[in-house]
Amino acid sequence: MPGEPPPQVVELESFLAERGERLLRTAILLTGSREAGEDLLQTALERLIRNWRAIRGNPEAYLRRSLTHLATDRWRRNGRWLIKIGMLRTLGAGEQPDETSHVDQRDQLVRLLAQLPSRQRTAIVLRYWEELNEAETAEVMGCAVGTVKSATSRGLQRLRELSGIDSAEPQATAGGQQR
Amino acid sequence: MRQELTDLLRAGMERVPASVPPGLARHAYQRYRKRRTRTRAAGAVAGMAAIAGAVVVVLAAEPGPAGPRTQTTAYVVSKVARALDAAPSNYVMFDRLAGLNIRLDSWASASRSRFEQFTSAGQLVVDEGFTFATDTVVSVNYQKKTWFRSVFPNYGGSSLAPSPSCEFGGMMVVVFPQPRAMAAQLRAWVACGLLKIGRSSVVDGVEAVELVAASSSGTMTYWVDTSSYLPVRVTTSGSETGSSTRQDLRWLPPTPANLSQLTVRIPAGFIQAPPPKPGN
């Protein structure tokens, strides 16, 4: 880009220096791969620049909402198979997770996120990574609080089944308001 | 218990590497400007749909100032090459080639590859697989009803995945596509300035952008998925021979069913034959 960048780009660069890593991680978790996450964030930034004048002081909320909607659009467009593969390999049928290593379990759970349907994955990322409460998550996703509750609960249940972690435990607090 | 699962999940999310590439906001701004320019160009001739289409294509193909154009192509190719480098570990690549009076279906993973060659009438001629770790080839000839097993060093290396160069011929990637060979070739071409970004289009329902390499011997075009940066189609057209080929690529999850496509099956009754001598 020849010459000085416009002020909004300079402002955006400084915002990204502070919050970019967190947003990129959200994008990676939503898409299932680093490449797709970077591309998603760049598309969201492009959308932000286009609507810069309409954004009043909170680019993060706008970007988070854009990431969520763009990821859903992408998922619909590309079909499940492309998204499912993602960041890392998942366990094959009959394989058991390494119970001795919490590191393995943590990484495994993130890998398995990519196997969830879009809505469940989005709800879990917003609730447990972005740490939004159910009302905030519902606002970002553009759905009812009840939908967030059920998507989160089903997503966690599916992760539990796929990972084999605490599969015997009851869901005592499913759908609760914990942050 | 549930708390433990969510704690582990949070901890896993924290561990996902995520460093923002430098210049991301500027790249987004460039894309925004480019899109706005195209939209305005198309809008300027609204009502003349055919002409509008031509204007958009011309703008996309128009060589801009050397810096930005080179940077944009290099940026896209770096993403494509990275995706291709990582692909063998994450996918089974399926490639269907049509043209040159044959059809070739091939599969490739990190450890094995296989192709089936058909006549233009759809008759299976050869089914051949290669295991990288042992350099072992298993090949079935359906016309002669024979098969052989042999060790062919460099089968999947220099002999069929040519060294990257600034030159190319129409048959280059057609013979035996390997994701990492494609990545090396694309990197070489962008370093030579041979590769240009073309127009965007939808290929089999996937939004894709063209990477076009043109030389005196012909044109080779990669259509790259703008989401995954993996090629979904490769075409060649020879300017002298007039021949053309088309390869459609699919990146399949490594499920047992897809992995089984990498295995050659020897039909009952086929006779084992001595392997051909090197060079044949």
Closest heavy-atom pair and its distance - [X], [Y]:
X	Y	result
Ala28(B)	Leu45(A)	CB-CB, 3.6 Å
Val20(B)	Gly20(A)	CG2-C, 3.3 Å
Ala25(B)	Leu16(A)	CB-CD1, 4.0 Å
Gly12(B)	Val110(A)	C-CG2, 3.2 Å
Lys79(B)	Asp39(A)	NZ-N, 4.2 Å

Rounded to the nearest 0.5 Å, how far does [atom2] of [Y] lie from [atom1] of [X]?
X	Y	atom1	atom2	answer
Leu9(B)	Tyr128(A)	CG	OH	8.5 Å
Ser19(B)	Glu38(A)	OG	CD	7.5 Å
Leu8(B)	Leu159(A)	CG	CG	11.0 Å
Thr43(A)	Tyr32(B)	OG1	OH	15.5 Å
Glu46(A)	Arg33(B)	CD	CZ	13.0 Å

Do [X] and [Y] touch side chain to side chain, with heavy atoms closer than 4.5 Å?
X	Y	value
Tyr29(B)	Gln8(A)	yes
Leu12(A)	Leu24(B)	no
Arg106(A)	Arg10(B)	no
Met13(B)	Leu113(A)	yes

Do Glu14(B) and Arg22(A) sit within salt-bridge range, that is, some charged N less than 4.0 Å from a carboxylate O?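 Salt bridge: no.
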Would you indicate whether Glu13(A), at its atom CD, is surrounded by more than 12 heavy atoms from other residues, nucleotides or ligands within a distance under 6.0 Å?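 Counting neighbours around CD of Glu13(A), more than 12 heavy atoms of other residues, nucleotides or ligands fall under 6.0 Å, so yes.
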